[in-house]
There are 2 protein chains.
Amino acid sequence: MMSKALERREKLRIDLIQAAERMIAERGLVGLKTRDLAREIGCANGAVYNLVTDVDELVLRVGSRTLHRLDEALSAAESAGDPSPQETLVRIAIAYCDFAAENLELWRALFEHRMAADKILPDWSVNDQLQLFRHIHHPLALLLPKRGQEQLGITARSLFSAVHGMVALGLEQRLVAVPLPALRKEIAGLVRAMIDGLVAREE
Amino acid sequence: MMSKALERREKLRIDLIQAAERMIAERGLVGLKTRDLAREIGCANGAVYNLVTDVDELVLRVGSRTLHRLDEALSAAESAGDPSPQETLVRIAIAYCDFAAENLELWRALFEHRMAADKILPDWSVNDQLQLFRHIHHPLALLLPKRGQEQLGITARSLFSAVHGMVALGLEQRLVAVPLPALRKEIAGLVRAMIDGLVAREE
DNA sequence: ATATTTATTGAACGATGTTCAATTTTCCTG
DNA sequence: CAGGAAAATTGAACATCGTTCAATAAATAT
């Protein structure tokens, strides 16, 4: 039942996604071109649309891979080192910063990509994204024991967003680019301050 | 000396920028098309390039207007209400959030727009952007009297970036959209926590 | 008025994402 | 294994962009 053809298709699909990943990493989201992809994986331009319905889908598939790698990086930071919740949250924030710096274009693609407003993004893509807050949730629960799950989720999201903002503007070279070590130090300082403030207000 | 022609040109240029502003506000940065602009201001497609060298320049000009309006909104928030530095900073953060919500596409265009890597952005555009941290700088100086100008500038930038991150991810409809009142409340809470934490660490 | 300088035009160019009829390949059946 | 059905692949064609530029029109200077 189409085994040979399906195999080839599947292999090509993987090649395509990897090629897209390389291309985004090297030239940014705007540097992703179907004709270049086709040439790189050895097929016709139109064949890309046999493997993927859209470039949108392609970008989402690359984004899924990026999110999973990011998830691994945050998991590693979560478990390694000082187990106190404060320092765990600081490590996670620094790990987020480092991942963004080391995977700048792929990380940017996660947020820069805009789909047509009418198209809804698939479930697997949504789930990928929501997993990120998970890492913050647990240490934060230890620090803020009086808060319910709901409130905790919101605060986790806020904390994540705040760090994201520091990384996003910090790595923007358009303005004065902040040197990475300085950025890491700033993030650590502000995360500690936020935690102190949150814990103090809790009591 | 070309007075009639220069007048017309100048009027057209203003029309063009205003039309671009409307178009971005209505359809986002991706909805900005030179042919639509030309039709709207009543000139040929190619004439757009007599008024502006690029669409890049056009986007930057619209961005400059947006930044100035944002600046006004933050200035208003800075002076109105409780003059304590804590509450002033909270008001500025909320004002940033409100401005972003009310000018969503124009505000997004400030950050979504990417120029070709080789092109350098003009001075007037850089200056516009650096003004924003100014609003935070003064109240923060009152709260952290021991810090020098340099350190203060960095912290101001971090605080701004953190709020920016909360607004950016909070207004993203791709994930679970946070209702605006909830977002405002979250921002106020985290800003107060950050300030408390920063002040406590200062001593 | 006429010549010269300048501004405006809109057709054309080169990319780009996407589609689709024609072709080639793969698979199933007798 | 042969040969027709089914499916996959192709690459030319389409629509839409930003951008350019020779030709035209307008404005200014003489």
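Below, read A as the first sequence line, B as the second, and so on, with proteins coming before strands; counting in each chain starts at 1.
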Would you tabulate the side-chain donor-acceptor contacts of residues 185-193 of chain A under 3.5 Å, counting partners in other chains and residues two or more places apart, or write 'none'?
residue: A/Glu186; atom: OE1; partner: B/Ser158; partner atom: OG; Å: 2.5
residue: A/Arg192; atom: NE; partner: A/Glu87; partner atom: OE2; Å: 3.1
residue: A/Arg192; atom: NH2; partner: A/Glu87; partner atom: OE1; Å: 2.9

Exercise for the section: Run the ring-centre check on B/Phe111 versus B/His164 and record whether the distance is less than 6.0 Å. Expected result: yes

Just the rounded figure in Å: distance from [atom2] of [N] to [atom1] of [X].
X        : N      : atom1 : atom2 : result
A/Glu57  : C/dG17 : CD    : P     : 16 Å
A/Asp54  : C/dT16 : CG    : C1'   : 14 Å
B/Glu10  : C/dT8  : CD    : C1'   : 16 Å
A/Asn50  : C/dT19 : CG    : P     : 11 Å
A/Asp56  : C/dG17 : CG    : P     : 11 Å
A/His113 : C/dG17 : NE2   : P     : 13 Å
B/Tyr49  : C/dC13 : OH    : C1'   : 13 Å
A/Arg9   : C/dC27 : CZ    : C1'   : 15 Å

Problem - Any residue meeting side chain to side chain donor-acceptor pair (under 3.5 Å) with A/Arg134, in chain and number order, not counting sequence neighbours - result: A/Gln131

Problem - Per B/Ala44 side chain, nearest of listed nucleotides D/dG18, D/dT10, C/dG10 - result: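 Selected nucleotide (nearest to the side chain): C/dG10.
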
Handout entry: Residue B/Asn45, side-chain atoms from C-beta onward, closest of D/dA8, C/dG17, D/dT19
Key = D/dT19

Practice task
Mind listing the residues from residues 18-43 of chain A sitting with a heavy atom below 4.0 Å of DNA chain D? Number order is fine.
Solution key: A/Arg35, A/Cys43

Handout entry: salt bridge (Lys or Arg N to Asp or Glu O under 4.0 Å) partners for B/Arg39, two or more places apart
Key = B/Asp36

Practice task
Could you pull out all residues at least two apart from B/Ala80 that satisfy side chain to side chain contact (heavy atoms under 4.5 Å, CB included)?
Solution key: none

Completion exercise
Sorted by chain and number, sequence neighbours left out, side chain to side chain contact (heavy atoms under 4.5 Å, CB included) with A/Pro181 holds for A/Pro179

